[in-house]
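Before any comments, here is the structure.
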Amino acid sequence: MRLLAAALLLLLLALCASRVDGSKCKCSRKGPKIRYSDVKKLEMKPKHPHCEEKMVIITTKSMSRYRGQEHCLHPKLQSTKRFIKWYNAWNEKRRVYEE
């Protein structure tokens, strides 16, 4: 009986801990310094129920120093806004040269 109660209590604690982790935004206040040429994909994800802000997710190339990692940048930071603006301009210019 005690073993069953302990197992249920442990399961309940595990469920509560997973909800606490899911209730936070995943984007940090400060991300790593990433070069435009290292970015493979830039995604703008909409707001989620557990997060009040949209998410900016960058996937780096496998040959870069970050080796294909995903980084979430905080959308309200000025540095993130600048990065998105200049990345889009750089990406557009790169496409023109490839054609």
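Separation of atoms CD (Gln78) and CZ (Phe83) is listed at 14.5 Å; rounding is to 0.5 Å.
Residue Trp86 places its CH2 atom among 12 or fewer non-hydrogen atoms of other residues, nucleotides or ligands, all under 6.0 Å distant.
Not counting sequence neighbours, the partners of Lys40 by the side-chain contact (heavy atoms from CB on, under 4.5 Å) test are Lys61. With sequence neighbours excluded, the residues satisfying side-chain contact (heavy atoms from CB on, under 4.5 Å) with Lys41 are Glu43, Thr59. With sequence neighbours excluded, the residues satisfying side-chain contact (heavy atoms from CB on, under 4.5 Å) with Glu92 are Arg95.
Counting heavy atoms from C-beta outward, Lys54 and Pro46 have side chains that stay 4.5 Å or more apart.
Among the candidates Ile34, Val56, Ile57, the single residue satisfying the side chain to side chain contact (heavy atoms under 4.5 Å, CB included) test with His71 is Ile34.
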Q: Run the numbers on Tyr87 and Ile58 for side-chain contact (heavy atoms from CB on, under 4.5 Å), then give the verdict.
A: CA-CA 11 Å; Tyr87 173 77; Ile58 293 176; over 6 Å; no
Q: Apply side-chain contact (heavy atoms from CB on, under 4.5 Å) to the pair Ile84 and Met44, showing each step before the final yes or no.
A: CA-CA 10 Å; Ile84 293 169; Met44 306 279 286; 3.8 Å; yes
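Heavy atoms only, all atoms of each residue included: Lys81 and Pro75 are closest at CE-O, 3.7 Å.
With hydrogens and angles ignored, the 3.5 Å screen pairs no side-chain donor or acceptor of Thr60 with any backbone N or O of Asp38.
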